[in-house]
Amino acid sequence: MCDSCGCGVTVRSDNSATAQPMDEAGRSADGAVQMLRGLLAENDRLAAHNRHHFAKNGVVAINLMSSPGAGKTALLEATIDALGGRLKMAVIEGDLETENDARRIRAKGVAAIQITTGGACHLDAKMVHHALHDLDLTEVDILFVENVGNLVCPATYDLGCHQNVVLLSTTEGDDKPAKYPVIFRTADLLLITKTDLLPYLEDFDPRRAEKYFRHLANPAPLLETSIKDPATLTPWVDWLLAQTGISP
């Protein structure tokens, strides 16, 4: 975890915080909670500013969150192909290092801004705001923010996006919603990815994953997708079109 967000503090779904034993630097639990509350208050202010930018330009912003390797970049590449130019897209990529993912998106002819966070394990509203300065939002219908691969910290930070989409790969276990409930509670859509691997993964049952997801009292839709089977992307593309007010 990073050293910039108070990873030692657990934030519950009601946005309250509880302290865990803190770091070797000697920060007290109360101090850590106060630090996190201060960070979140400033972040929320900037997130509202980002939302104003999006609304002013008629842009729908989607925050993609998942563990590393769940297939966010591959999904975006397949989505560009599946949309076939029906929406003008842009992507903000978040990673600790490298521009590898942004290069993949640019190779598809879509604008991509890379945020390299260094040690930070999540994107925050300030990072996204700075990235927006490098995008012409008047030329964008839908903006994807590919968050840093992490099932914990990204859920804490409002980026100003309109929808949170959480990816759960078949390779990482169907009990992730039970183990990491905070991020799955924030999901406006849950995508189970890499479903082409299901015949080889005896320990992943989509019905069990949905059971754990529903135990969080989240009624959000759940879609099963595989970039190896373009037909499975149709419900996802229809959902995206609906967010922008376009009938599928």
Side-chain angles (χ1 to χ4, degrees), residues 60-117 121-123 128 131 140-151 154-155 159 161 163-174 176-177 180 183-184 187-201 203-204 206 209 213 220-241 243-244:
V60 172
I62 308 289
N63 181 20
L64 294 179
M65 298 184 287
S66 77
S67 60
K72 295 189 294 298
T73 309
L75 175 70
L76 286 174
E77 291 175 310
T79 301
I80 293 168
D81 293 338
L83 280 171
R86 283 176 284 177
L87 295 175
K88 292 179 286 187
M89 282 178 53
V91 179
I92 293 175
E93 293 279 358
D95 269 314
L96 269 66
E97 299 288 347
T98 85
E99 287 205 3
N100 292 351
D101 293 346
R103 290 193 188 100
R104 289 170 57 180
I105 298 302
R106 291 173 195 142
K108 289 284 188 178
V110 170
I113 306 299
Q114 182 73 53
I115 300 173
T116 52
T117 65
C121 54
H122 60 275
L123 296 180
V128 171
V140 177
D141 296 319
I142 190 164
L143 172 70
F144 292 94
V145 179
E146 184 180 341
N147 219 310
V148 177
N150 179 355
L151 285 179
L159 304 182
C161 293
Q163 301 286 351
N164 290 322
V165 175
V166 178
L167 279 64
L168 171 61
S169 165
T170 56
T171 58
E172 57 186 306
D174 52 25
K176 283 294 185 293
Y180 300 92
I183 196 167
F184 286 94
D188 298 300
L189 173 67
L190 176 61
L191 290 180
I192 295 180
T193 59
K194 304 184 183 182
T195 54
D196 56 293
L197 297 177
L198 282 173
Y200 314 102
L201 298 170
D203 295 334
F204 192 101
F213 183 53
L222 181 154
L223 301 176
E224 299 181 22
T225 63
S226 166
I227 62 168
K228 306 290 186 183
D229 181 0
T232 66
L233 297 177
T234 299
W236 157 243
V237 169
D238 289 348
W239 184 87
L240 291 174
L241 291 171
Q243 303 311 304
T244 63

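Source: prediction; values computed, not measured.
Residues L167 and L75 form a side-chain contact, since some pair of their non-hydrogen atoms from C-beta on lies under 4.5 Å apart. Contact annotation: the side chain of D141 never approaches that of V60 to less than 4.5 Å [non-hydrogen atoms, C-beta and beyond]. Side-chain contact between L190 and L223 is absent, with no heavy-atom pair separated by less than 4.5 Å. For the pair D188/V165, no side-chain contact is recorded, criterion being any heavy-atom separation below 4.5 Å from C-beta on. Contact of the L96 side chain with the T116 side chain is not registered, since no non-hydrogen atoms from C-beta on lie closer than 4.5 Å. When side chains are defined from C-beta on, L64 does not count as touching V145, because their heavy atoms never get closer than 4.5 Å.
In this structure D174 satisfies the salt bridge (charged side-chain N to carboxylate O under 4.0 Å, His left out) test together with R208, sequence neighbours excluded. Here A61 pairs with F54, C161, H162 under the side chain to side chain contact (heavy atoms under 4.5 Å, CB included) rule; sequence neighbours left out.
Applying the salt bridge (charged side-chain N to carboxylate O under 4.0 Å, His left out) test to pairs two or more places apart or on separate chains, none has a residue in residues 189-200. Residue pairs that meet the side-chain hydrogen bond (donor to acceptor under 3.5 Å, both in side chains) test with at least one member in residues 88-99, sequence neighbours left out, are E99-R106. Residue pairs that meet the side-chain hydrogen bond (donor to acceptor under 3.5 Å, both in side chains) test with at least one member in residues 228-239, sequence neighbours left out, are T79-W236. Among pairs with a residue in residues 74-87, those fulfilling salt bridge (charged side-chain N to carboxylate O under 4.0 Å, His left out) read E77-R104, D81-K108, at least two apart in sequence or across chains.
Put simply, the side chain of Q243 never gets that close to the backbone of L240: no donor and acceptor are under 3.5 Å apart. Although no hydrogens or angles enter the test, the distance criterion places a donor-acceptor pair under 3.5 Å between the side chain of T193 and the main chain of A70.
Residues E146 and L76 come closest through the heavy atom pair OE1-CD1, 3.6 Å.
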